[in-house]
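Start at 1 with the first residue, then count along the sequence. FYI, side chains are in, hydrogens and waters are out, and symmetry mates aren't considered; it's all heavy atoms of this structure. Note that ligands are numbered from 1 as they come in the structure, with each ligand's atoms numbered from 1 the same way. Computed from a predicted model, the values in this text were never measured in an experiment.
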Amino acid sequence: MSTVTKDMPLRYLKGVGERRAEQLARLDLLSVGDLLHFYPRGYEDWSTIVPIQEAPYGQPCCIKATALGTPVENRIRKGLSLYRFTVSDGTSTMRITLFNNKYAAAKIKAGESYLFFGQVGGGLTNREMASPMIEPSGDGQRIRPIYRQTEGLNSRMIETLVARAIQALDKELDHDPLTPEFRNRHELCTRRFALENIHFPTTSNTLEIARKRLVFEELLILQLGLLKLKSRSRSANTAMIENDLTDEFTSLLPFKLTGAQSRTLRECIQDMRGEHPMSRLIQGDVGSGKTAVAAGAAYTAIKNGFQAALMAPTEILAEQHARSLSGLLEKAGIRVALLTGSMTASAKRQTLEALASGEIHLVSGTHALLSEGVEFNRLGLVITDEQHRFGVAQRARLAAKGQSPHLLVMSATPIPRTLALIIYGDLDVSVLDELPPGRTPVETYAIDSDKRERAFNYIKKHIAQGRQAYIVCPLVENGEESDLASATEYFNKLAEGSFKGYKLGLLHGRMKSSEKEAVMGGFVRNEISILISTTVIEVGVDVPNAVLMVVENAERFGLAQLHQLRGRVGRGQHKSTCILISDARNEEARRRLKVLCATNDGFKIADEDLKLRGPGDFFGSRQHGLPDLKIANLNTDMRLLREAQNAAREILAKDPALEHKEHHPLSEEVRLLFEKVGEQGLN
Ligand code: ADP
Ligand code: MG
């Protein structure tokens with residue numbers, strides 16, 4: 001047999017034909033080596049045998065028992081046969097039922113002992129197990145891997161192929177990217193041990209050891225990649241800022257910068273005057289005033305002869321930034337423009353021309369800014385707002401439109417403090433830990449829907465005093481179409497009912513840009529008293545005169561999202577209130593809403609969210625823009641994450657470009673991990 005190597009297409013593995021190869025490709029498995037890293041998504045513990053008497057209820061377990069007879073067929077109706085037999089483990093008996101599985105039933109022999117894996121049900125005296133997996137008891141009691149499967153290819157078949165790949169690649173298993181000294185220092189097993197035991201652990205202990213090693217390696221590579229990114233952005237500063245114009249800028253503002261804002265702006269300007277381009281994250285809770293700092297940085301860059309671009313995740317936010325920045329900066333001779341996908345072609349063309357010629361100094365836009373046709377004359381500063389919505393790759397793509405421009409990313413903090421530094425490992429961080437003065441914390445209440453009218457009366461009272469309100473309509477689960485329908489319906493209900501005669505506006509994601517702008521503009525000018533909206537207002541929207549936020553079906557939202565929604569109020573002088581309407585009865589939902597009522601601190605909320613929900617969706621790559629991780633879990637592997645980060649720092653301190661021979665394998669792994677993110681744009 002010719003030798004198989006890890007890069008060979010899977011067809012070269014014994015037992016894989018064309019059809020099987022196609023099925024494997026559906027799981028992103030292309031080469032023989034891919035199988036090694038197709039880690040199980042769970043395990044069945046066939047190594048711990050449980051007596052029938054003590055079998056846990058509703059939880060899969062393994063029972064070793066002897067068949068007391070052969071299965072008896074019971075035809076329920078055409079096409080459905082049950083096979084039943086009784087087994088005993090010496091202490092008690094249990095009935096086994098197989099559905100339509102003639103094949104499995106035929107293999108059962110009276111008096112033989114088997115392993116049965118499944119959930120035990122029935123009563124205490126008549127225990128039963130339906131459709132268990134069955135193995136002859138001689139076949140070893142072990143922990144079995146469960147793989148993600150696809151049509152025509154089940155976990156067991158994958159298990160066989162993985163075992164074959166491990167065997168075929170036997171020699172490769174010893175190619176360990178981590179040196180023995182390194183492994184010793186961090187108490188990590190060899191690559192061979194890790195790969196063998198992640199798939200076929202002999203005990204839960206070896207599984208843990210294997211997992212630790214693989215998690216550590218993956219996080220190490222992630223950190224090496226992120227830190228390298230940072231050092232690569234340490235090219236020469238081609239957008240040198242000669243003049244610090246902070247005083248000029250602050251004289252434009254209607255307020256005095258907070259201490260945290262001044263400090264952060266100073267850090268930005270220092271960065272932009274430095275040897276290398278700036279790569280900085282401004283992290284600040286909702287309402288901490290990140291926009292003013294961004295405006296200051298943009299002002300400085302522009303007055304030094306450069307253009308600046310600000311990218312926001314939603315059109316509404318991009319429009320708001322364009323509006324407020326032009327209000328602030330146009331009096332100083334700075335030309336501000338908007339660029340979004342839903343602008344008319346001619347408006348877009350005009351903006352594009354003016355950007356290319358340098359006539360426009362500052363552009364605020366959505367990811368439309370990333371499109372091909374967008375060119376700048378002298379792009380010196382790229383700002384992304386609500387960074388957690390963008391990926392590393394998008395940020396990099398915008399930056400590629402200039403000659404290594406300065407980068408400023410702003411983020412409210414849906415991520416706990418400790419994690420942020422690691423996830424944003426490629427950025428320097430400034431924290432806005434101070435709210436502008438005169439803010440009173442938003443008071444938050446959770447109420448049942450039968451108190452809704454009282455809440456509405458409360459809104460009316462405030463509108464009579466000239467204030468404004470948001471109402472976030474019920475969230476529907478099946479997609480945008482029905483979202484739109486229900487938002488409209490809800491709006492009509494209020495317009496004809498509780499808020500008849502009031503000035504209402506409706507805002508949802510399906511509106512055209514110009515329509516959205518008209519509604520938002522009306523709300524900003526207080527021509528609309530109550531803005532009824534879907535979650536499109538979730539991020540960034542800033543209307544200080546709005547003091548009430550009502551959220552329908554609050555239990556359907558994540559904590560971080562509710563905190564963001566609440567952040568739309570409490571932005572001015574007036575006391576603000578957030579009312580969460582929910583009829584949810586379950587304990588968990590109640591607890592989550594209570595957290596919001598108890599604190600306004602975004603960091604605390606993010607931590608609680610994490611505790612209550614587990615890693616949840618903000619650890620999906622969709623949110624933080626990191627490459628997909630195969631085995632590490634950024635929530636539960638926190639300690640290893642920190643250790644890996646330190647190890648990465650040490651390695652790069654000695655070998656910044658990973659050029660030493662011993663680091664070649666690591667360097668290759670870094671390249672592979674970041675390949676999908678779009679290596680090109682990362683400079
Ligand atoms: P976020 O950090 O959530 O993006 P914004 O930048 O939207 O916050 O600012 C929130 C509100 O606070 C805005 O209305 C802004 O004008 C106001 N603001 C910002 N900085 C100050 C300050 N130093 N003093 C008073 N108000 C401020
Ligand atoms: Mg903001």
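The list of side chain to side chain donor-acceptor pair (under 3.5 Å) pairs with a residue in residues 290-300, not counting sequence neighbours, reads E248-Y299.
Here the side chains of L548 and V569 are not in contact, with every heavy-atom distance at 4.5 Å or above.
Residues satisfying the side-chain hydrogen bond (donor to acceptor under 3.5 Å, both in side chains) test with T246, not counting sequence neighbours, are D244. Every side chain to side chain contact (heavy atoms under 4.5 Å, CB included) that A260 has, sequence neighbours left out, goes to T258, R263, L432, D433, E434.
For R378 and F306, the positive end sits near the middle of the six-membered ring, less than 6.0 Å away and at most 45° from its axis.
Distance alone, capped at 3.5 Å, is enough to place a donor-acceptor pair between the S364 side chain and the A318 backbone.
When heavy-atom distances to ligand 1 are checked against 4.0 Å, the residues falling inside are F255, K256, L257, T258, Q261, D285, V286, G287, S288, G289, K290, T291, P436, R439, D542, P544, R571, ordered by chain and number.
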